[in-house]
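Reading through the structure tokens given below for one structure.
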Amino acid sequence: MFKWLEENTPKLVLAPSFIAVMVFVYGFIAWTAWVSLTRSRLLPKYEIDGFIQYDRLFASPRWDTAFGNLFIFGILFIVIAMILGLLLAILLDQNIRTEGALRTIYLYPMALSMIVTGTAWKWILNPGLGLEATVRGWGFENFTFDWLVNPDMAIYTIVIAAIWQSSGFVMALFLAGLRSVDGEIIKAAQVDGIPTWRVYTAIIIPSMAPIFLSAFIVLSHLAIKSFDLVIALTGGGPGYATDLPATYMYAMAFSRGDIGQAASSAMIMMMVVFTIVVPYLYSELRSKDG
Amino acid sequence: MADYSMHTVQNNNPIGKIALRWGLYVMLGIFAVFYLMPFFVMLTTSLKSLDEIRTGDLISLPREVTLDAWRTAWSGACTGIQCEGMRPYFWNSMLIAIPGVAISTLLGALNGYVVSQWKFRGANIIFSLMLFGCFIPFQVVLLPMARVLGMMGIAGTIPGLIFVHVIYGLGFTTLFFRNYYVSIPSELTKAAKVDGAGFFRIFWSIFLPLSIPIIVVTVIWQFTQIWNDFLFGVSFSQAGTQPVTVALNNIVNSTTGVKEYNVDMAAAIIAALPTLLVYVVAGKYFVRGLTAGSVKG
């Protein structure tokens with residue numbers, strides 16, 4: 001008995017976490033998938049009834065907006081945060097004396113809760129008292145910046161706040177990448193008289209392809225999960241102009257009492273994450289083992 | 001890493017070189033203003049009176065510094081019908097974060113130790129399954145979790161929130177420790193086994209003392225995650241057990257009475273203070289945690 005216990009200690013130690021993950025991650029995903037195929041409304045039902053919830057979802061104009069917003073927000077957020085992050089990293093890589101302080105400044109928003117970020121930007125973008133009023137006070141009477149309350153533009157305020165929060169992190173990733181490029185190759189290129197910008201575009205940036213991939217994965221993951229920021233900044237409004245799948249799911253689950261819709265929208269989110277993350281994780285784990 | 005200056009701009013024209021350096025610093029400075037501006041606005045707004053906010057502008061310094069808004073935000077601001085400020089919720093977040101961080105870090109250390117040093121058949125698959133759990137959108141577990149917390153009798157309680165944070169933090173904490181322990185040669189474990197040391201003895205006397213840096217990284221990561229969480233907090237709490245982020249959102253969106261922007265900003269800074277403090281004190285470890293989750297270990 002004692003011997004058995006000793007031999008199996010590692011398994012026994014890992015077992016609770018393993019069981020927890022199997023139940024609370026995979027079991028729960030299965031539960032949500034199952035319920036998304038039923039007619040559940042206020043209470044879950046367990047008789048499978050085909051894709052009726054998905055039909056309702058795709059027929060819903062609110063979901064249409066939310067899903068469309070995910071792409072507008074996601075693409076703008078990822079592309080701009082990557083460009084800005086790379087730019088900041090390259091600028092900081094020029095032997096800057098105050099690099100440490102600047103890095104701290106660029107990265108601190110990442111330590112904040114998205115609720116705090118949303119609260120701050122909601123105040124800054126408030127048309128009556130914020131940036132608009134301030135610029136008007138400087139004498140530009142016709143200056144308008146009402147994106148926060150403009151249904152066509154409100155989604156871009158979320159892009160701005162999200163970029164403010166996360167671009168410093170992208171900078172940190174790229175800076176680490178720049179520092180790991182082989183210095184000898186760069187010195188050789190400089191000795192040959194190749195201009196600095198060519199060294200970057202032809203040698204350094206291409207060699208950082210894995211970092212672009214990592215940054216893309218992390219940012220897309222942040223974009224899909226963005227929930228707090230929308231709640232704090234616009235509350236999904238005006239109307240539901242800035243709904244994202246995450247806020248749609250939450251509204252269905254906890255204020256509309258429509259479990260079927262909540263489950264099916266969560267499954268769509270899951271599938272979007274799957275298509276991005278699974279190939280990445282698969283290749284990561286394979287390369288680690290091999 | 002030794003040579004930081006290897007990508008220095010090369011330019012032989014001295015005037016052009018100086019202009020380029022100036023341009024560089026100006027651009028870096030503009031970006032610094034962009035990142036600092038929201039915090040500056042929050043801070044100055046929180047120190048102004050409401051009258052000054054209505055008449056003044058966003059970026060001017062307060063004419064008269066007043067701490068009234070801070071006092072209200074800490075102990076008097078209303079979240080719906082209750083008017084107790086941020087204070088009770090701040091302590092709720094502490095009560096959730098401290099045990100949540102401690103338990104998930106300890107379990108992560110043990111799990112990481114097993115999957116890196118005591119590999120058995122299937123250990124890799126288990127690790128992959130746990131790792132994947134880090135990436136799911138949590139919306140997909142919200143509905144069943146609400147029901148299970150109810151069945152366990154901990155719905156809407158602080159232990160319930162601790163439980164949720166431990167479960168969904170495990171993937172990352174295991175990943176951190178696994179990637180750290182994988183670089184420790186397995187001969188060390190083997191030699192200790194030959195000397196008659198058991199699983200826990202080796203963990204306690206050899207691995208834990210080596211683990212201080214990764215413990216710091218993990219604790220900071222988990223603390224930031226749990227403190228800043230909103231989704232679980234808003235889904236699984238009830239009046240009285242809400243964490244600080246939920247309280248902040250309620251104060252800001254409370255529709256009763258006059259809109260007190262200075263109180264909102266003070267409350268936002270209060271909610272941000274613990275993680276900001278951690279970032280300022282241990283920024284290096286904070287960044288390491290962030291990048292550990294995304295760059296190959």
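Treat the numbers as computed from the prediction; the structure is a model and nothing was measured. Note that these values count all heavy atoms, side chains included, but never hydrogens, waters or copies made by symmetry.
With hydrogens and angles disregarded, no donor-acceptor distance shorter than 3.5 Å links the side chain of Tyr279(B) to the backbone of Leu112(A). Here the side chain of Asn228(B) pairs no donor or acceptor atom with the backbone of Met114(A) at under 3.5 angstrom. With hydrogens and angles disregarded, no donor-acceptor distance shorter than 3.5 Å links the side chain of Thr134(A) to the backbone of Asp57(B).
Within the 4.5 angstrom heavy-atom criterion, only side-chain atoms of Tyr25(B), from C-beta onward, approach chain A. Heavy atoms closer than 4.5 Å to chain B are found in the side chain of Phe254(A), but not in its backbone. Looking at Tyr113(B), there are no atoms closer than 4.5 Å to chain A (heavy atoms on both sides), in backbone or side chain. For a residue to count as touching a neighbouring chain, one of its non-hydrogen atoms must lie under 4.5 Å from one of that chain's; by this rule Ser235(B) touches chain A with backbone and side chain alike. Proximity to chain B is limited to the backbone of Arg103(A), based on heavy atoms less than 4.5 angstrom apart. For chain B, no part of Ile90(A) is nearby; none of its heavy atoms comes within less than 4.5 Å. Both the backbone and the side chain of Leu107(A) come within less than 4.5 Å of a heavy atom of chain B.
Inter-residue side-chain proximity for Asn249(B) and Ile231(A) is flagged as met; some heavy-atom pair is nearer than 4.5 Å. Leu143(B) has its side chain within reach of Trp31(A): a pair of non-hydrogen atoms, C-beta onward, lies under 4.5 Å apart.
Per-residue heavy-atom pair counts under 4.5 Å with chain A were compared for Pro137(B), Gly283(B), Ala123(B), and the maximum is reached by Pro137(B). Between chain A and the residues Phe138(B), Tyr168(B), Trp227(B), the most heavy-atom pairs under 4.5 angstrom are made by Tyr168(B). Among Thr174(B), Val148(B), Asn111(B), the residue making the largest number of heavy-atom pairs under 4.5 Å with chain A is Asn111(B). Residue with the most contacts toward chain A among Met42(B), Met265(B), Met130(B): Met265(B) (heavy-atom pairs, distance under 4.5 Å).
Here the two rings, on Tyr250(A) and Phe230(B), have centers that are 6.0 Å apart or farther.
In this structure, Tyr26(A) and Phe132(B) have parallel ring planes: the angle between them is below the 30° cut-off, well short of the 60° mark.
Donor-acceptor pairing under 3.5 Å is recorded for the side chains of Ser167(A) and Tyr35(B).
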Side chain to side chain contact (heavy atoms under 4.5 Å, CB included) for Leu58(B) and Ile124(A)? Distances and angles first, verdict last. CA-CA 7 Å; Leu58(B) 201 61; Ile124(A) 293 167; 4.0 Å; yes
